[in-house]
Amino acid sequence: MLDLASVRLFVLAAEFGNLTRAAEAAGTVQPVVSQRLRTLEALLGRRLLERTPRFVRLTSDGEAFLTRARALLAAHDEALRFSAEPDIRFALAASDHALGVSMEPVLRQVRSALPRAAALEVRMGLSHQMRELFETGEVDAAIIRRDGGSPDGEVLGTDPVGWRASDGLSLQPDQPIPLATLGPACGVRGAAIRQLEAAGIAWREAFVGGSCAALLAGVRAGLGIAPMGLTASGGMPDRGPELGLPKLMPSEIVLLARTSSPKSAAATRSLAAAVRAGLG
């Protein structure tokens with residue numbers, strides 16, 4: 001008979017492409033995951049994953065089994081439901097500058113860690129706003145950038161901050177730098193402006209957006225230069241050195257969380273693992 005815990009580990013390994021991240025999301029360690037997967041493969045008589053020290057890849061049999069594994073786990077979760085009401089509510093707040101356009105894979109991992117009928121709620125905004133939602137108890141977890149200040153929370157990794165600009169954009173020596181930002185309340189904007197002013201470089205607010213996706217649209221259209229993290233920009237190159245702009249300091253990406261049940265704890269583990277995976 002199939003062991004559902006092993007099936008879940010297989011699905012996590014397939015989704016993360018990494019046994020260490022799968023183990024983190026499951027609340028266990030990598031050797032345990034490896035052993036459970038070997039046992040599952042032996043039971044099925046099929047090799048499901050190709051393994052290397054850095055990543056795992058689905059075999060053709062693994063791709064076929066993944067669809068069935070997800071259906072099996074969904075049917076299991078559905079069999080445990082005795083009410084039409086959501087059996088759990090998990091509320092997440094995320095700084096746009098922490099995740100930005102890399103948000104989708106993180107949300108997918110959190111969603112998959114929750115029961116099918118769970119209610120997942122997400123709020124996005126500036127880091128200080130997301131911290132406030134967590135501190136007032138409105139959300140169960142928050143992902144924020146920390147550029148100094150309070151040492152609380154779990155550091156998931158460090159995100160480089162750079163100057164994101166279109167390939168064709170060039171700067172005129174006698175003209176102020178055109179900035180694309182989320183507005184005056186944004187901490188990334190404030191840090192970038194301090195560096196510009198310390199270097200004696202004039203600037204102007206050329207584009208103010210409501211999200212990192214909007215900033216990138218303005219940047220790609222050639223309207224300005226956005227100080228952004230590598231993750232939030234989707235890996236866009238830093239053109240700062242080429243354009244003669246001052247180096248920007250990296251930020252720590254931090255998880256604030258409280259867990260009220262085993263299911264919310266599982267969602268939080270998947271959240272942390274997905275963010276770490278995105279940070280490399």
Side-chain angles (χ1 to χ4, degrees), residues 5 8-9 11-12 15-16 18 20-30 32-33 73 77 80-100 102-159 185-188 211-212 229 231-232 251-279:
R8 288 190 190 277
L9 289 175
V11 172
L12 286 172
E15 291 176 341
F16 281 106
N18 182 290
T20 300
R21 296 295 173 234
E24 181 182 353
T28 185
V29 292
Q30 187 268 333
V32 171
V33 176
L73 295 176
D77 291 343
L80 297 178
R81 289 186 64 203
F82 288 89
S83 170
E85 295 297 318
D87 58 355
I88 186 174
R89 168 189 174 272
F90 187 78
L92 167 64
S95 163
D96 200 21
H97 259 306
L99 297 180
S102 301
M103 186 71 173
E104 181 180 346
V106 173
L107 292 181
R108 286 184 181 276
Q109 292 300 334
V110 177
R111 176 68 269 177
S112 67
L114 291 167
R116 191 173 182 179
L120 174 60
E121 300 174 3
V122 181
R123 305 286 183 270
M124 294 195 71
L126 301 177
S127 285
H128 69 89
Q129 296 169 334
M130 301 302 97
R131 174 185 283 277
E132 184 176 339
L133 288 177
F134 178 77
E135 290 177 345
T136 57
E138 295 181 55
V139 298
D140 302 291
I143 299 292
I144 63 172
R145 296 189 77 94
R146 183 164 67 200
D147 301 285
S150 175
D152 59 327
E154 177 186 358
V155 177
L156 301 180
T158 301
D159 192 27
C186 175
V188 174
S211 68
C212 285
T231 301
S251 296
E252 290 180 332
I253 304 300
V254 175
L255 166 67
L256 305 171
R258 61 176 66 88
T259 55
S260 57
S261 71
K263 292 175 181 177
S264 63
T268 300
R269 289 195 302 269
S270 282
L271 169 64
V275 174
R276 283 197 176 99
L279 291 171

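Bear in mind the structure is a predicted one, so any value in this text is a computation, not a measurement.
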Can you name the nearest heavy-atom pair linking Q30 to A23, along with the distance?
N-CB, 3.6 Å
Mind checking the CZ-CD1 spacing from R276 to I253? Nearest 0.5 Å is all I need.
12.0 Å
Under 3.5 Å, side chain of R123 to main-chain N/O of A91, donor-acceptor pair present?
no
d(H97 NE2, C186 SG) to nearest 0.5 Å is 3.5 Å
Do the non-hydrogen side-chain atoms of L255 and V275 ever get within less than 4.5 Å of each other?
no
R258 NZ/CZ over F134 ring centroid, <6.0 Å and within 45° of normal:
yes
Hey, could you give me the OG/CG distance between S112 and L12, rounded to the nearest 0.5 Å?
6.5 Å
Passing option when L256 is tested against R146, R131, M130, E135 for side chain to side chain contact (heavy atoms under 4.5 Å, CB included):
R131
Measure from the side-chain N and O atoms of S127 to the backbone N and O of S95, and report whether any donor-acceptor pair falls under 3.5 Å.
no
Ignoring hydrogens, what is the shortest heavy-atom contact between A113 and S270? Give both atom names and the distance.
CB-OG, 3.3 Å
Would you check, one step at a time, whether the test side-chain contact (heavy atoms from CB on, under 4.5 Å) holds for L156 with I143?
CA-CA 9 Å; L156 301 180; I143 299 292; 3.8 Å; yes
Search all heavy atoms of V33 against all heavy atoms of L9 and return the closest pair with its distance.
CG2-CD2, 4.0 Å
Do you know the tightest heavy-atom contact between L271 and A141?
CD2-CB, 3.9 Å
Please assess V254 against E154 for the test side-chain contact (heavy atoms from CB on, under 4.5 Å), listing each intermediate value before the final yes or no.
CA-CA 5 Å; V254 175; E154 177 186 358; 5.7 Å; no
Do F90 and K263 come within less than 4.5 Å of each other through their side chains, counting heavy atoms only?
no
For residues D140 and S264, is any side-chain donor paired with an opposing acceptor at under 3.5 Å?
no
Check whether D159 reaches the backbone of T231 with its side chain - one donor and one acceptor, N or O, closer than 3.5 Å.
yes
